[in-house]
Amino acid sequence: MAERCKHRRRVEIEPKSWADRGHTESPEEDEVQLYAIQCRAGLRLEWLVNTRTGKLHRGPLSEKPGPRVLYVTADGEHALMKELDSRETDDSWKPPKQFPSVIAKDREEVDPVPDSSQDYYRRSVEDLYDSP
């Protein structure tokens, strides 16, 4: 089964509170630390996918609230998008109990950020995480 994120609507999420209470992963050798700076609410739809062709076979089989979280390095030069599970309440989304606000990933798993976005990402990390 494969999961694809479909954005149903954008919900305002206060990432500062998630950053303050989130779990922090310590990097190993050859890993970089990435900080959650943006969350976009959506639905995670599960489909049955033909692994040989990559085409959708049947679905959606289920749908769950699932924010997409943008993680960036402190210098703003690298980023990673990660989909997480969450719960939808009356008017907001609740992150997982151990929301990973700071993650560690191998350098090969992160993508370079265009020069035009690096300053914004760097300032976002500084604003949310008290200058890491």
Next on the checklist: Which residue in the set Thr73, Leu34, Ile37 passes side-chain contact (heavy atoms from CB on, under 4.5 Å) when paired with Val125?
Outcome noted: Ile37
Item to check | Approximate separation, where rounding is to 0.5 Å, of Gln33 CD and Glu25 CD | outcome: 9.0 Å
Checklist entry - Of the non-hydrogen atoms in Val69 and Cys39, which two are nearest, and what is the gap between them? => result CG2-SG, 4.1 Å
Checklist entry - Any donor and acceptor pair, going by atom type alone, linking the side chain of Tyr129 with main-chain N or O of Ala36 inside 3.5 Å? => result yes
Checklist entry - Partners of Gln118 by side chain to side chain donor-acceptor pair (under 3.5 Å), sequence neighbours excluded? => result Asp115
Checklist entry - Which value, rounded to the nearest 0.5 Å, describes the distance between His57 atom NE2 and Asn50 atom CG? => result 7.5 Å
Item to check | CD on Gln38 to OH on Tyr121, rounded to 0.5 Å | outcome: 5.5 Å
Listing, residues 100-110 side-chain donor-acceptor contacts under 3.5 Å, not counting sequence neighbours, or none:
residue	atom	partner	partner atom	Å
Ser101	OG	His23	O	3.4
Asp106	OD1	Glu108	N	2.9

Item to check | Leu128 vs Tyr35, side chain to side chain contact (heavy atoms under 4.5 Å, CB included): CA-CA, chis, key distance, verdict | outcome: CA-CA 9 Å; Leu128 288 169; Tyr35 301 82; over 6 Å; no
Next on the checklist: Could you report the tightest heavy-atom contact between Ala79 and Val113, atom names first, then the distance?
Outcome noted: CB-CG2, 3.6 Å
Checklist entry - Taking the side chain as C-beta and beyond, is there a heavy-atom pair between Met81 and Asp111 under 4.5 Å? => result no
